Amino acid sequence: MKFASQSVAKPYFMFALALFAGQILFGLIMGLQYVVGDFLFPAIPFNVARMVHTNLLIVWLLFGFMGAAYYLIPEEADTELYSPKLAWILFWVFAAAGTLTILGYLLVPYAGLAHMTGNDLLPTMGREFLEQPTITKIGIVVVALGFLFNIGMTVLKGRKTVINTILITGLIGLAVMFLFSFYNPSNLILDKYFWWWVVHLWVEGVWELIMGSILAFVLIKTTGVDREVIEKWLYVIIGMALITGILGTGHHYYWIGAPEYWQWVGSIFSAFEPLPFFAMTLFAFNMVNRRRREHPNRAAMLWAMGTGVMAFLGAGVWGFLHTLAPVNYYTHGTQITAAHGHMAFYGAYAMIVLTIISYAMPQLRGQGEATSRKAQVVEMWGFWLMTISMVFITLFLTGAGILQVWLQRLPESSAALNFMAAQDQVAIFYWLREITGVVFLIGLICYFTSFAIKGKDDSAEQNA
Amino acid sequence: MADFFTKGAARNIYYGGSVFFILVFLGLTLNTVQQLPKRDHRENITESVEKGKLLWEENNCIGCHTLLGEGAYFAPELGNVFYRRGGGDSASFHAFLQGWMAAQPIPVEGRRKMPQFNLSEEQVKNLADFLEWTAKVNTEKWPPNIEG
């Protein structure tokens, strides 16, 4: 750690990890409700559990991105953060708003929450992933503006590198696209069309800029490869991401009322969306192979290589599986979508945040460049348990999805099973997914345990 | 990567490609917005349909159901429920939905549960009107069959 102000990243990372744990617990609740339908009903109905699960994901990733920015922007800009105090204030504002919102979901019926927060004045609630009360959304915008101001001023007074320029571009894009969450016309079709400007243009657009720049930063630090080489790769990756991803939005416009030509535009461009993720995998492995130093933090390098591979599999391969319009006609809105969503979010965004946390935390906690060998081994157990579980969760959901399409979607109307009957037929896959989810939780516990193992970087002694 | 492919070239592809495709995307969006009135029969968005959409949102229906394939995958697709449960007839669909909403949660042990939302008769009517309007949008013949 070069600058004292980087330490403000620490609370962001810690809070992100706490929310991650909450996300997994609610995922297990939902997973069980898939097969034991009345589990925790009416205390926590499925829709509430799902809203908590997905909103915790979004919020912990945002905390992770902000922590990453507070950590790497000063180092890249080669100057102290403009205002660590502002970063601390915004941390508490965002943490309080996030906690209150989640408590609101859990303690008040959703319609009650909508009335309490005046949703009828500016209705923005009740749309997938954007369930937050309007007041929370406004809070997110305020926090994002303060955050962008803080890191923007830091870059302005310091060195402008490709990495911090692209990171800021991605973060500004994130804030700008979020503004579309306030546009909720009474025409459902227009609502859906622009809802994707938040959701798709986040995860298959600007978030890839954020992911690419964090990955590039960690690779520069851990491999010692020349910055020029890394920056060229970064431009190639994000160039491909935006060239394929912007028109790739079309793969959401096939069946929601938009014109037919989106079936062509969406199919063609989104077919190439795996490319940037494939390039990220090549990038990570190439840089590690060409490393000029042996960085003691092996766990961080494992996360960095893992995120490339898992993002390629989850976002790339599993995305491609159902992105072509003739295939999507049958798979749209089935468990295939859920399978893709799980591995893509874990592989690309959960893992990139865990990568920067793995790299930065030992330094933020004063343990040197890495934790002790023993702590790293436990962390890597966490990596493998969570990652392999996620592969199997995805495979089981894919099995459920294929069977669901076969029973419910492919037959003629008279022969097709209805939704609930098809769900009963695929229950075995849901049980297997739930068991695998428990293994994921064990991996998460391993991961958390690694933070409790004391000791500093001892690789030098071990190598001696 | 060879010397002829410099960082500058990569940067130009990123900037040039992004700007170009953003412009194409905006152009296609403009065209879509112009074509939508022919596809979404917006002339039939009555006050009741609008209220129905707000009820749909304020009860977080999307947290379990899909609507035109988007949402959660825990409960049936409702984009075509007007045809599935109402046979395409307003009066029968309204009657069905009033009965259905009143019967929740269905007391079968282990079955997935739909909460009781305590909607008034008028509110259920709004919801039915919203779902009927949605069912009549041109969705390129999706879903493939009546089961959604």
Side-chain angles (χ1 to χ4, degrees), chain A residues 33-34 36-38 41-42 45-48 50-51 110-111 114 119-120 123 125-128 131 186-190 192-193 228 231-232 235-236 238-239 242-243 246-247 249 254-260 263 265 329-330 332-335 337-338 408-409 411-413 416-420, chain B residues 1 5-7 10-11 13-14 17-18 21-22 24-25 28-29 31-33 35-36 39-40 42 45 49-50 53-54 56-64 66-77 105 109-113 115 117 134 137-140 142-148:
Chain A
Q33 287 175 333
Y34 256 90
V36 183
D38 47 6
F41 186 85
F46 180 87
N47 70 309
V48 172
R50 183 182 199 260
M51 191 163 55
Y110 192 72
N119 187 57
D120 47 338
M125 291 174 73
R127 295 172 302 151
E128 194 184 6
E131 295 93 347
S186 54
N187 181 339
L188 177 75
I189 305 309
L190 277 174
K192 281 179 174 289
Y193 188 91
E228 281 292 304
E231 289 176 345
K232 180 159 64 172
Y235 274 130
V236 170
I238 60 167
L242 295 185
I243 288 169
I246 292 171
L247 288 185
T249 315
Y254 300 160
W255 327 116
I256 62 165
E260 190 190 356
Q263 293 179 35
V265 177
Y329 183 67
Y330 293 101
H332 179 52
T334 64
Q335 292 298 321
T337 319
Q408 181 197 323
R409 287 277 173 82
E412 295 289 319
S413 286
L417 283 194
N418 70 47
F419 179 89
M420 292 306 283
Chain B
M1 277 175 278
F5 187 68
T6 59
K7 186 174 101 181
R11 185 186 57 219
I13 292 174
Y14 160 61
S18 307
F21 284 107
I22 288 171
V24 173
F25 185 60
L28 289 174
T29 295
N31 180 273
T32 297
V33 170
Q35 286 202 38
L36 277 184
R39 306 176 57 90
D40 61 21
R42 61 187 62 180
I45 302 181
V49 171
E50 283 187 22
K53 181 170 185 280
L54 192 61
W56 167 270
E57 290 165 358
E58 292 194 342
N59 290 284
N60 194 28
C61 307
I62 205 84
C64 292
T66 48
L67 190 62
L68 306 186
E70 296 170 357
Y73 320 111
F74 188 71
E77 163 67 32
E109 207 185 314
R111 189 186 189 277
R112 294 181 190 174
K113 288 282 183 285
F117 290 102
T134 304
V137 170
N138 177 354
T139 57
E140 298 293 326
W142 194 90
N145 65 38
I146 195 74
E147 297 302 343

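Hydrogens, waters and symmetry mates are skipped; everything else that's a heavy atom, side chains included, is used. All of these numbers come straight from a predicted model, not from anything done at the bench. Each chain gets a letter, A, B and so on, in the order the sequences are listed, and its residues count up from 1.
Atom CG of A:Asn47 sits about 11.0 Å away from atom CD1 of B:Ile62, to the nearest 0.5 Å. The CD1 atom of A:Ile256 lies 12.0 Å from the OG1 atom of B:Thr134; values are rounded to the nearest 0.5 Å.
Between B:Tyr14 and A:Tyr235, the ring planes are tilted. Angles from 30° to 60° get that label. Below 30°, between 30° and 60°, or above 60°: for B:Phe74 and A:Phe46 the angle between ring planes is below 30°, a parallel geometry.
A donor-acceptor pair under 3.5 Å is formed between the side chain of B:Asn145 and the backbone N or O of A:Pro411. One N or O on the side chain of A:Ser413 and one on the backbone of B:Ile146 form a donor-acceptor pair closer than 3.5 Å. Side-chain N or O atoms of B:Trp142 include one that pairs as donor or acceptor with a backbone N or O of A:Tyr329 at under 3.5 Å. A:Asp38 places no side-chain N or O within 3.5 Å of a backbone atom of B:Lys113 that could act as its donor or acceptor partner. Checked by atom type and distance alone, the side chain of B:Arg112 pairs as donor or acceptor with a backbone atom of A:Tyr34 at under 3.5 Å. With B:Glu70 contributing its side chain and A:Gly333 its backbone, the two residues share no donor-acceptor pair below 3.5 Å. Side-chain N or O atoms of A:His332 include one that pairs as donor or acceptor with a backbone N or O of B:Leu68 at under 3.5 Å.
The part of A:Glu131 that comes within reach of chain B is its side chain, from C-beta onward, which places non-hydrogen atoms under 4.5 angstrom from that chain. The part of B:Asn138 that comes within reach of chain A is its backbone (N, CA, C, O), which places non-hydrogen atoms under 4.5 angstrom from that chain. Using a 4.5 Å cut-off between heavy atoms, B:Val49 does not touch chain A at all. Proximity to chain A involves both the backbone and the side chain of B:Ser18, based on heavy atoms less than 4.5 angstrom apart. Using a 4.5 Å cut-off between heavy atoms, A:Thr334 touches chain B through its backbone atoms (N, CA, C, O) alone. Only the backbone of A:Met125 comes within less than 4.5 Å of a heavy atom of chain B; no side-chain atom from C-beta onward does.
Two residues are said to be in side-chain contact when any heavy atoms from C-beta on lie closer than 4.5 Å; B:Asn60 and A:Met51 meet this criterion. Proximity of B:Pro115 to A:Phe41: side-chain heavy atoms (C-beta onward) are separated by under 4.5 Å at one or more points. Two residues are said to be in side-chain contact when any heavy atoms from C-beta on lie closer than 4.5 Å; B:Leu36 and A:Asn187 fail this criterion. Proximity of B:Glu57 to A:Arg127: side-chain heavy atoms (C-beta onward) are separated by under 4.5 Å at one or more points.
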- Item | Verdict with supporting geometry, A:Asn119 and B:Leu54, side-chain contact (heavy atoms from CB on, under 4.5 Å) | CA-CA 9 Å; A:Asn119 187 57; B:Leu54 192 61; 4.1 Å; yes
- Message: Does B:Val24 form a side-chain contact (heavy atoms from CB on, under 4.5 Å) with A:Ile246? I'd like the steps, not just the answer.
- Response: CA-CA 9 Å; B:Val24 173; A:Ile246 292 171; over 6 Å; no
- Message: side-chain contact (heavy atoms from CB on, under 4.5 Å), that's the test. Do B:Leu67 and A:Leu188 meet it? Break it down for me.
- Response: CA-CA 10 Å; B:Leu67 190 62; A:Leu188 177 75; 3.6 Å; yes
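Taking the ring-ring contact (aromatic ring centres under 6.0 Å, His included) definition, one finds that A:Tyr254 meets it with nothing, sequence neighbours left out.
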